[in-house]
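See structure below.
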Amino acid sequence: MRIATWNVNSVNARLETVLAWFEEASPDVACLQEIKCIDEKFPAEAFERLGYNVAVHGQKTYNGVAMLSKTPLEDVRKGLPGDDGDEHARYIEAVVSGPSPVRVCGIYLPNGNPIGTEKFTYKLGWMKRLNTHARGLLALEEPLVICGDYNVIPEPEDADKPEGWLGDALFQPESRGAFRALKNLGLTDAYMQLDGTPGGYTFWDYQAGAWPRNHGIRIDHHLLSPQAADRLRAVDIHRDVRGGEKPSDHVPVVIELAL
DNA sequence: ATGGCAAGTGAAACTTGA
């Protein structure tokens, strides 16, 4: 089973590009972030034509997440528990049915910039809530994949120019610490487990020629429960997508689980 | 050293992203 995550930076502005990638890569499951539309405006029919079941947690203008799966999605949850006042659409969870079901969580973790503001506080609070929820899911002792745009650069090796990110919310000690705390619950970073080579970037800014200069960062991650990590067979960063037509600033990352 | 792009909204210029 191949499970993808991709921050598409508006699914409707990029629909042709996104569909072309789905036709070629044909993931079994995909979590999309920053769809930037309400549920009713999500192009569900286009994905259904490609054989996908669709679950959407949308929002007008900002954020928005979706999950697509070739097999039916069960137990769909929209929104991260722990704060009923949180109106951002940043979390979707479902059990992907099949011979060996996998629970998949798609996240769009808050950016948190600029630091020293309520935005950074919101980011850290969101990470705390994710930690609490993940702890509960891990207690189920089942295959679990939490993937998405984490907006965290875990280590200096995950940035081409780490010194340029020192003042950024993505690289603050608190952000990195919260990401480590998540892993310390017993979750495995799929890329680090199977590859771990510095330079596995997943995002390049549109500005300042970041792509041609390879000024990238690794911020899109798959974290796996032990039961999922045992089945991990491959991790693939679809880097070439960044050089294509009308690209998102993030590229798809795909993992493969046995069975 | 600095800034440089893209998308949504809504119809110019602001907000957001990372």
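Chain letters run A, B, ... following the sequence lines, proteins first and then strands; every chain starts at 1. Side chains included, hydrogens not; waters and symmetry mates left out as well; all remaining heavy atoms used.
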Check: [Y] main-chain N/O paired with [X] side-chain donor or acceptor under 3.5 Å:
X: A:Asp158; Y: A:Glu155; answer: yes
X: A:Lys246; Y: A:Ala13; answer: yes
X: A:Trp6; Y: A:His250; answer: yes

Using atom [atom1] of [X] as one end and atom [atom2] of [N] as the other, report the distance to the nearest whole Å.
X: A:Asn63; N: B:dT16; atom1: CG; atom2: C1'; value: 9 Å
X: A:Lys36; N: B:dT9; atom1: NZ; atom2: C1'; value: 11 Å
X: A:Asn7; N: B:dA18; atom1: CG; atom2: P; value: 6 Å
X: A:Gln59; N: B:dA7; atom1: CD; atom2: P; value: 19 Å
X: A:Arg242; N: B:dC5; atom1: CZ; atom2: P; value: 13 Å
X: A:Glu34; N: B:dC5; atom1: CD; atom2: C1'; value: 14 Å
X: A:Trp204; N: B:dA6; atom1: CH2; atom2: C1'; value: 17 Å
X: A:Asp205; N: B:dG17; atom1: CG; atom2: P; value: 13 Å

[atom1] atoms of [N] and [M], separation to the nearest Å:
N: B:dA12; M: B:dA1; atom1: C1'; result: 31 Å
N: B:dA18; M: B:dA7; atom1: C1'; result: 14 Å
N: B:dG10; M: B:dT15; atom1: C1'; result: 13 Å
N: B:dT9; M: B:dG4; atom1: P; result: 24 Å

Between A:Asn12 and A:Asp149, which has a closest nucleotide on DNA chain B that is more 5'?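 First, find each residue's nearest nucleotide; the 5'-ward one identifies A:Asn12.
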
Identify, between A:Gln207 and A:Pro110, the residue whose nearest nucleotide on DNA chain B lies closer to the 5' end.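 Here A:Gln207 is the residue nearer the 5' end.
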
Answer yes or no: does a side-chain N or O of [X] lie under 4.0 Å from OP1 or OP2 of [N]?
X: A:His250; N: B:dG17; result: no
X: A:Tyr108; N: B:dA18; result: yes
X: A:Arg14; N: B:dA6; result: no

Are A:Asp189 and A:Arg218 within salt-bridge range, i.e. N to O under 4.0 Å?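 Yes, A:Asp189 and A:Arg218 are salt-bridged.
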
Could A:Glu256 and A:Arg231 be called an ion pair, given the rule that one side-chain N must be under 4.0 Å from one carboxylate O?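 Not counted as a salt bridge, because no side-chain N and carboxylate O are separated by less than 4.0 Å.
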
In residues 37-45 of chain A, what residues come within less than 4.0 Å of DNA chain B, judged by heavy atoms?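 Under 4.0 Å from DNA chain B: no residue of residues 37-45 of chain A.
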
Answer with yes or no whether the hydrophobic clustering places A:Ile237 together with A:Val18; edges join I, L, V, M, F, W, Y residues whose side-chain heavy atoms lie under 4.5 Å apart.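 Linked, A:Ile237 and A:Val18 end up in one cluster.
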
Is A:Val241 reachable from A:Val8 through a run of I, L, V, M, F, W or Y residues, each pair having side-chain heavy atoms under 4.5 Å apart?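 Yes; A:Val241 is reachable from A:Val8 via cluster members.
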
Classify [X] by what it touches in the nucleic acid, base, sugar-phosphate, or nothing, heavy-atom distance under 4.0 Å.
X: A:Ala13; value: sugar-phosphate
X: A:Asn151; value: sugar-phosphate
X: A:Lys246; value: sugar-phosphate

Between [options], which nucleotide gets closest to the side-chain atoms of [X]?
X: A:Ile219; options: B:dT16, B:dA18, B:dA6; value: B:dA18
X: A:Thr61; options: B:dT15, B:dT9, B:dG17; value: B:dT9
X: A:Asn9; options: B:dA7, B:dT16, B:dG4; value: B:dA7

Centroid separation A:Trp21 to A:His238 less than 6.0 Å: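 Yes, they do, as the ring centres are separated by less than 6.0 Å.
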
Dump every N/O contact between nucleotides 10-14 of chain B and the protein below 3.5 Å, one line per pair.
none

Can you list, pair by pair, the side-chain donor-acceptor contacts under 3.5 Å of residues 84-94 of chain A, counting residues two or more places apart and other chains?
| from | atom 1 | to | atom 2 | distance (Å) |
| --- | --- | --- | --- | --- |
| A:Asp86 | OD1 | A:His88 | N | 3.1 |
| A:Asp86 | OD1 | A:Tyr122 | OH | 2.8 |
| A:Asp86 | OD2 | A:Tyr122 | OH | 3.1 |
| A:Asp86 | OD2 | A:Arg129 | NH1 | 3.0 |
| A:Asp86 | OD2 | A:Arg129 | NH2 | 3.4 |
| A:His88 | ND1 | A:Arg90 | NE | 3.1 |
| A:His88 | ND1 | A:Arg90 | NH2 | 3.4 |
| A:His88 | ND1 | A:Tyr122 | OH | 3.3 |
| A:Arg90 | NH1 | A:Tyr108 | O | 3.0 |
| A:Arg90 | NH2 | A:Asn63 | OD1 | 3.3 |
| A:Tyr91 | OH | A:Glu93 | OE1 | 2.5 |
| A:Tyr91 | OH | A:His133 | NE2 | 3.2 |
| A:Glu93 | OE1 | A:His133 | NE2 | 2.8 |
| A:Glu93 | OE2 | A:Arg103 | NH1 | 3.0 |

Any donor-acceptor pair, under 3.5 Å, between the side chain of A:Asn111 and the base of B:dA18, if you only look at N and O atoms?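 Yes, the side chain and the base share a sub-3.5 Å donor-acceptor pair.
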
Applying the side-chain contact (heavy atoms from CB on, under 4.5 Å) test to A:Ile219, which of A:Val152, A:Asn111, A:Leu170, A:Asn7 qualifies?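 Exactly one pass, corresponding to A:Leu170.
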
Please identify which of these residues, A:Val253, A:Val145, A:Leu32, A:Ile107, meets the side-chain contact (heavy atoms from CB on, under 4.5 Å) condition with A:Thr5.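 The side-chain contact (heavy atoms from CB on, under 4.5 Å) with A:Thr5 is passed solely by A:Val253 among A:Val253, A:Val145, A:Leu32, A:Ile107.
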
